[in-house]
Amino acid sequence: MLDVKYLRQNIELVRKKMDDRGQKIDFDRFLDLDTKRRDILQSVETLRNERNSVSKQVGELKKKKEDASALIEKMGDVSARIKEYDESLRVTEEELNAFVMIVPNIQHESVPQGGGSEDNTIVRTWGEKPVFTFEPKQHFELGENLNILDFARGAKITGARFTVYRGAGAAIERALVSFMLDLHTEKHGYTEVLTPFMVNRESMTATGQLPKFAEDLFKIEGMEYYLVPTAEVPVTNIYRDEILEEEKLPICLVAYSPCFRAEAGSYGKDTRGLIRQHQFNKVEMVKFSKPETSYDELEKLTANAEEVLKRLGIPYRTVCLCTTDLGFSSAKTYDVEAWMPGQNSYREISSCSNFEDFQARRAAIRFRKKDSGKVELVHTLNGSGLAVGRTVVAILENYQQADGSIIIPEALRPYMRGLERITLEGIFPKA
RNA sequence: GGAGAGAUGGCUGAGUGGCCGAAAGCGAUCGCCUGCUAAGCGAUUGUACGCCCUUCAAAGGUGUACCGCGGGUUCGAAUCCCGCUCUCUCCGCCA
């Protein structure tokens, strides 16, 4: 969320920023609530002050065995008034809070102005698109033909958007997770963490999924627990309500996690295959940074995600999301899009964002400045490194052969007992 | 799931109605002392939100809240009462 004080003092700038994001927000209501809150607060604090000092006098009188009944009677009335003010303060703060919680972050000045995904700017493009002597197939057709992806049985077991992986299909998914974690820990300096796949309401609120996007989440029946839509939630919440030491920053964590998304409102979109599932695997990078360096960290984070694709030999491009495509909590986002020959298009495989202090304020993640001793909010960042299911899609489609087999990228072979090619006959070689 | 014990500042830990935002110790920071290190001495050392001052901010002043969370009793609650959460011990169950 945004800082209430900042909002109050920079309301016109924020109005403009939200206009550019295509958000219609009634900031007059905010100003009213804010003024009301401070009025009530002052009144109630004055009364509390009176109560505190009179109560002290009562104590002194009683100690001297003198009569304090006049004061006590008077304070009964003051306490009643405090209770009334407290109630209206509670209501006002609730309204104010509800308002602030649904205001998106302010975009960084470098974010391109836009009205849709066509306005995202292409930052760079890498790799040679493979040339085929045949019509390249889509991954779901390749996967079903090789008997490594089984969508029908996934649907039987659970429902639409669930998949069974088999043999080399299951192995390549697992290999990718290990490959990505090893790369980020050994080459990019991240510490691996493994966090819960269910989180409570506070955690979801801290990273911005709640209260605004409840319909995207799976909630556990009868409990205030939710399935994680991304490891960003549990990993960022590791340091919720904590004050970190400046020397420890930046803290760079990487986590594998399955992700669960209700995908409400995406009916009819990507209905076949692995692209859009209710459950998918992801390796996620999360950073806690000092404000001064967070944009450098964003560039590094994005490069770390890109490195996975480079090592796998998958062509990609990186785009900077425009104002209207930017996610709720993000100040700036790069999407890395992998080339998918079967679909003849680039598809998002990673999303790398700097949230600045937006999540940190909700989550109360701060650090103490070494020289001044002052506490300040950290900046949080995260990015997929990468979405595993979509990486499988990219490998199947880019490395498909005329006979329907799939060449395994060299970087992955050590993680697959040396397997070089997925064919229908040899699902997996003997070790 | 059953029984019991507990939750206080960066940490340990005292505090069972007013003198408590909280003793003491440890740690940390600054200063003094010391040839250096250690020891010693002195000072400082929570967070949030208002208000005043200030062009803004910082600094400063002032007020309020916070002793796991939420309610209640009381002129007054870390302290008493109720509910919840979490931790620990024992029993049961269990990968």
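Throughout, protein chains are lettered first and strands after them, A, B, ... in sequence-line order, and every chain is numbered starting at 1.
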- Query: By side-chain contact (heavy atoms from CB on, under 4.5 Å), which residues pair with Thr293(A), not counting sequence neighbours?
  - Reply: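 With sequence neighbours excluded, Thr293(A) shows a side-chain contact (heavy atoms from CB on, under 4.5 Å) to Ser289(A), Lys290(A), Glu297(A), given in chain and number order.
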Just the rounded figure in Å: distance from [atom2] of [N] to [atom1] of [X].
X         : N      : atom1 : atom2 : value
Asp86(A)  : G70(B) : CG    : P     : 13 Å
Tyr225(A) : U85(B) : OH    : P     : 9 Å
Lys369(A) : U29(B) : NZ    : P     : 19 Å
Glu50(A)  : A65(B) : CD    : P     : 13 Å
Met75(A)  : A77(B) : CE    : P     : 13 Å
Asn200(A) : C84(B) : CG    : P     : 19 Å
Glu245(A) : U45(B) : CD    : P     : 20 Å
Ile40(A)  : A65(B) : CD1   : C1'   : 16 Å

- Item | Parallel, tilted or perpendicular: ring planes of Phe162(A) versus His278(A), cut at 30 and 60 degrees |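 The arrangement is tilted - the two ring planes meet at 30° to 60°.
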- Between His184(A) and His188(A), how do the two ring planes meet: parallel, tilted or perpendicular, split at 30° and 60°?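 The arrangement is tilted - the two ring planes meet at 30° to 60°.
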- Any donor and acceptor pair, going by atom type alone, linking the side chain of Arg362(A) with main-chain N or O of Met101(A) inside 3.5 Å?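 A pair under 3.5 Å: yes.
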Thinking salt bridges, do [X] and [Y] make one under a 4.0 Å N-O criterion?
X         : Y         : answer
Arg81(A)  : Glu84(A)  : no
Asp86(A)  : Arg48(A)  : yes
Glu306(A) : Arg124(A) : yes

- Message: From C-beta outward on Asn49(A), which listed nucleotide comes closest to its side chain: A57(B), C75(B), G63(B)?
- Response: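 That would be G63(B).
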Tell me whether the side-chain N/O atoms of [X] come closer than 4.0 Å to OP1 or OP2 in [N].
X        : N      : answer
Ser79(A) : G76(B) : yes
Lys83(A) : C75(B) : no
Asn52(A) : A65(B) : yes

Distance check, [atom1] atoms only: [N] and [M], in whole angstrom units.
N      : M      : atom1 : answer
C93(B) : G2(B)  : C1'   : 11 Å
A24(B) : C36(B) : P     : 32 Å
U45(B) : C11(B) : C1'   : 14 Å
G9(B)  : G4(B)  : P     : 27 Å
A28(B) : A38(B) : P     : 11 Å
G17(B) : C75(B) : C1'   : 12 Å
A78(B) : G21(B) : C1'   : 10 Å
C69(B) : C86(B) : C1'   : 10 Å

- Message: Once you apply a heavy-atom cut-off of 4.0 Å, does Glu73(A) come out as touching a base, just sugar-phosphate, or nothing?
- Response: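 Nothing, no nucleic acid heavy atom in range.
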- Message: Under a plain distance cut-off of 3.5 Å, with no hydrogens placed, do Thr46(A) and Asn49(A) share a side-chain donor-acceptor pair?
- Response: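 Side chains of Asn49(A) and Thr46(A): no pair found under 3.5 Å.
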- No-hydrogen, no-angle side-chain donor-acceptor test under 3.5 Å, Tyr334(A) and Glu299(A):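 Distance-only check passes for Tyr334(A) and Glu299(A).
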- Set of residues satisfying ring-ring contact (aromatic ring centres under 6.0 Å, His included) with respect to Phe288(A), sequence neighbours excluded: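 So Phe288(A) forms a ring-ring contact (aromatic ring centres under 6.0 Å, His included) with Tyr239(A).
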- Test side chain to side chain donor-acceptor pair (under 3.5 Å) applied to Glu45(A) - qualifying residues, sequence neighbours left out: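 Checked Glu45(A) against side chain to side chain donor-acceptor pair (under 3.5 Å); zero matches.
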N/O to N/O distances under 3.5 Å, protein versus nucleotides 17-21 of chain B:
| unit_1 | atom_1 | unit_2 | atom_2 | d |
| --- | --- | --- | --- | --- |
| G18(B) | N2 | Ser55(A) | O | 2.6 |

- When you check every protein heavy atom under 4.0 Å of nucleotides 46-53 of chain B, what one-letter string (B, S, -) results, 5' to 3'? SSSSSS--
- Decide side-chain contact (heavy atoms from CB on, under 4.5 Å) for Ile422(A) and Ile408(A); before the verdict, give the C-alpha distance in whole Å, the side-chain angles of both, and the deciding distance to 0.1 Å. CA-CA 7 Å; Ile422(A) 303 174; Ile408(A) 305 286; 3.5 Å; yes
- Message: Using a 3.5 Å limit for the pairing distances, which stems of at least 3 consecutive Watson-Crick or G-U wobble pairs does RNA chain B take part in?
- Response: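 Correct response: B:1-7 with B:85-91, B:10-12 with B:24-26, B:27-32 with B:40-45, B:46-52 with B:60-66, B:68-72 with B:80-84.
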- Task: Count the heavy atoms of every other residue, nucleotide or ligand shown that sit under 6.0 Å from OH of Tyr85(A), and state whether that count exceeds 12.
- Result: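 It does not: Tyr85(A) OH has 12 such atoms or fewer within range.
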